[in-house]
Number of protein chains: 2
Amino acid sequence: MPVAIKVSEETFTPRQQAVLTAALDLLVENGDGLTMTAVARRASCSKETLYKWFGDRDGLLTATVQWQAAKVRMPVVDRSHLSARTLRLSIEQFARDLLTVIVGEVSVTLNRTAVTHAAQEKDSLGLIVLENGPLAIRRRLKPILEAGRDARLLRFESSEDAYRTFFGLVVRDVQIRLLLGDKALTQSNIEANIEVDVKAATDQFFTLFGAKASNA
Amino acid sequence: MPVAIKVSEETFTPRQQAVLTAALDLLVENGDGLTMTAVARRASCSKETLYKWFGDRDGLLTATVQWQAAKVRMPVVDRSHLSARTLRLSIEQFARDLLTVIVGEVSVTLNRTAVTHAAQEKDSLGLIVLENGPLAIRRRLKPILEAGRDARLLRFESSEDAYRTFFGLVVRDVQIRLLLGDKALTQSNIEANIEVDVKAATDQFFTLFGAKASNA
DNA sequence: GTCGAACCGTACCGTACGGTACGCCAGCAG
DNA sequence: CTGCTGGCGTACCGTACGGTACGGTTCGAC
């Protein structure tokens, strides 16, 4: 019943994690058709146990999404010695991580689930995904950006705006098209271009916010 | 049963349009909870009529989304005399239209519905939204961009890439956050900033693709 | 007026699924 | 061995909702 957002790792027993894995698998393959019976069967446990552990269907869904979303850990970049080169590499790495995650099947499924959920006045899943997706990136990227600015390598007024522009340059229309099921965007199709796109986005970002650029 | 995508305006009688309006209203206010009974009651018609007209629930949903999506008509910009000033105004207008639409409650609802639908192997709604959303903009913007390039006002290699970057600069993370139900983005909150954001996005686009810029 | 078509309102059916109850079998304490 | 606890499997209940059937009403054709 509590709608609290757990940022800390909820401690799940291995058995419970197996159940969550089963639930996630079902989500990914069956889309929205996640039924308690199906999870119970897949995980070889009883429905009663599910209800005991997770309260209700929403609880199971929340636990699954949260548990999985928390797994997406962006590699922390080294900030200690910030040269133009390392800054660029860091930002490029962020772009690569962001795009790789967003393109992944699990991410698409989780986002779809959360959006579906949000279409019913229940925003908890949306918040979790938001928290572990865009906002997590923002939290990690912002310090880098600000360090870059302090080192006179970047120029911008609001790190928030800089971050959001970065997001836009990297993600473009890929995410919404994936969520909408655009068949023209196959997994392999995108992955083949990730490096090119990451490079292009990084270039554009530096064109806009590099110290020598005017971004009036 | 046919999943054909009707691009042409399906000819609906006024009565049928009233029904579709009712369905859309319910969709917007009740989120996903669109039931045939509710539509029938709201539109003061019988369920039998609904099934007669639209076949099944999916048919009604499709008709609603398609009918509404087709209403989003981007104003056609004048291409006849293309100066640096008119080009900029055109692109700025596109940015404004795009952002205004995407931020709208109806758009959010339609996109959520389509995403939910796409989460169940049914991609028809997603295709419709895609077709009338991003792709419609692309179809209209691309000629402008190419005209700008022909007039040596813009510089890019692929108009597709230019368009997608434009999309990213304008939309950034707004759409996904709205879809996920981010409470921090209230309607008024966004609308107050639309002009600023539009201006910024246009500036950035010209920085990246203006004739004098390097977009290596 | 009669006839028929379109349509409203409502009762009804079947099913899927969330949630609960219960019987049964470990495994372990004593 | 007995008894207890945790968890599996399954049968079950209630409800919501998609879809159908049917009686009643309006309205135009003739």
Side-chain angles (χ1 to χ4, degrees), chain A residues 1-3 11-65 112-114 116-117 119-122 124-125, chain B residues 1-3 10-65 109 112-114 116-117 119-122 124-125:
Chain A
M1 212 65 58
V3 205
T11 162
F12 292 121
T13 71
R15 186 74 182 94
Q16 286 172 331
Q17 294 189 23
V19 170
L20 294 179
T21 302
L24 183 70
D25 287 351
L26 281 174
L27 265 186
V28 170
E29 55 192 68
N30 266 355
D32 190 17
L34 184 77
T35 71
M36 301 301 275
T37 308
V39 174
R41 193 156 37 217
R42 172 73 66 107
S44 291
C45 71
S46 76
K47 282 170 66 176
E48 195 167 14
T49 303
L50 292 185
Y51 285 101
K52 185 174 181 180
W53 285 348
F54 302 105
D56 56 3
R57 183 176 181 276
D58 256 24
L60 173 60
L61 216 49
T62 303
T64 304
V65 170
R112 277 192 186 146
T113 306
T116 301
H117 215 242
Q120 311 164 340
E121 282 94 288
K122 315 184 199 164
S124 56
L125 285 192
Chain B
M1 213 62 63
V3 205
E10 184 96 51
T11 163
F12 292 122
T13 70
R15 186 73 182 96
Q16 287 171 332
Q17 295 188 23
V19 170
L20 294 179
T21 302
L24 184 70
D25 288 350
L26 281 175
L27 221 47
V28 170
E29 54 192 68
N30 266 356
D32 190 19
L34 183 76
T35 72
M36 300 302 275
T37 308
V39 174
R41 193 156 38 217
R42 172 73 66 106
S44 291
C45 71
S46 75
K47 282 170 66 176
E48 195 168 16
T49 303
L50 291 185
Y51 285 101
K52 185 174 181 181
W53 286 347
F54 304 104
D56 57 3
R57 183 175 181 276
D58 256 23
L60 172 61
L61 215 50
T62 303
T64 305
V65 170
T109 299
R112 278 193 186 144
T113 306
T116 300
H117 216 243
Q120 310 164 339
E121 281 95 287
K122 314 183 198 168
S124 55
L125 286 193

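All chains are named by letter (A, B, ...) in the order of the sequence lines, taking the proteins before the strands, and each is independently numbered beginning at 1.
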K.L.:
Which atom pair, heavy atoms only, marks the closest approach of B:L60 to B:F54?
P.N.:
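That would be N-CB, 3.6 Å.
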K.L.:
Ignoring backbone atoms, test whether B:W53 places a side-chain nitrogen or oxygen under 4.0 Å from the OP1 or OP2 oxygen of C:dC7.
P.N.:
yes
K.L.:
Tell me whether the side-chain N/O atoms of B:T49 come closer than 4.0 Å to OP1 or OP2 in C:dC8.
P.N.:
yes
K.L.:
Starting from the 5' end of DNA chain C, give me the residue, A:M36 or A:S46, whose nearest nucleotide shows up first.
P.N.:
A:M36
K.L.:
In whole Å, I'd like the distance from the CZ atom of A:R57 to the P atom of C:dG19.
P.N.:
8 Å
K.L.:
For A:F54 and C:dG19, what is the distance between atoms CZ and P respectively, to the nearest whole Å?
P.N.:
14 Å
K.L.:
Evaluate the side chain to side chain contact (heavy atoms under 4.5 Å, CB included) criterion for residues A:L27 and A:L61: first the C-alpha distance (whole Å), next the side-chain angles of each, then the deciding distance (0.1 Å), finally the verdict.
P.N.:
CA-CA 10 Å; A:L27 265 186; A:L61 216 49; 4.2 Å; yes
K.L.:
By nearest heavy atom, map B:Y51 and A:A43 onto DNA chain D; which one lands nearer the 5' end?
P.N.:
A:A43
K.L.:
Whole Å only: how far is the NZ atom of A:K47 from the P atom of D:dG7?
P.N.:
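Spelled out: NZ on A:K47 to P on D:dG7 is 18 Å.
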K.L.:
In whole angstrom, what separates A:K52's NZ from C:dA21's C1'?
P.N.:
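Taking atom C1' of C:dA21 as the reference, NZ of A:K52 is at 14 Å.
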K.L.:
How many whole angstroms separate atom CD of A:E48 from atom P of C:dG23?
P.N.:
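The answer, rounded to whole Å, is 12 Å.
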K.L.:
Output yes when at least one side-chain N/O atom of B:R15 is less than 4.0 Å from OP1 or OP2 of C:dC8, else no.
P.N.:
yes
K.L.:
Using distance only, find each side-chain donor-acceptor pair of residues 42-52 of chain B under 3.5 Å and give its atom names and separation, not counting sequence neighbours.
P.N.:
| from | atom 1 | to | atom 2 | distance (Å) |
| --- | --- | --- | --- | --- |
| B:R42 | NH2 | B:E29 | OE2 | 2.6 |
| B:S46 | OG | B:E48 | N | 3.4 |
| B:S46 | OG | B:T49 | N | 3.1 |
| B:S46 | OG | B:T49 | OG1 | 2.9 |

K.L.:
Just how far, in rounded Å, is C1' of C:dG18 from CG of A:L34?
P.N.:
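Going from A:L34 (CG) to C:dG18 (C1'), I get 12 Å.
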K.L.:
Which atom pairs, one a donor and one an acceptor, fall under 3.5 Å between side chains of residues 31-40 of chain B and the rest of the protein, sequence neighbours left out?
P.N.:
| from | atom 1 | to | atom 2 | distance (Å) |
| --- | --- | --- | --- | --- |
| B:D32 | OD2 | A:Q120 | NE2 | 3.2 |
| B:T35 | OG1 | B:A38 | N | 3.0 |

K.L.:
Round to a whole Å and report the spacing from CG of A:D58 to P of C:dC17.
P.N.:
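Rounded to whole Å, this separation is 16 Å.
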K.L.:
Could you give the CG-to-C1' distance, from B:L50 to C:dT10, as a whole number of Å?
P.N.:
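After rounding, the gap between these two atoms is 14 Å.
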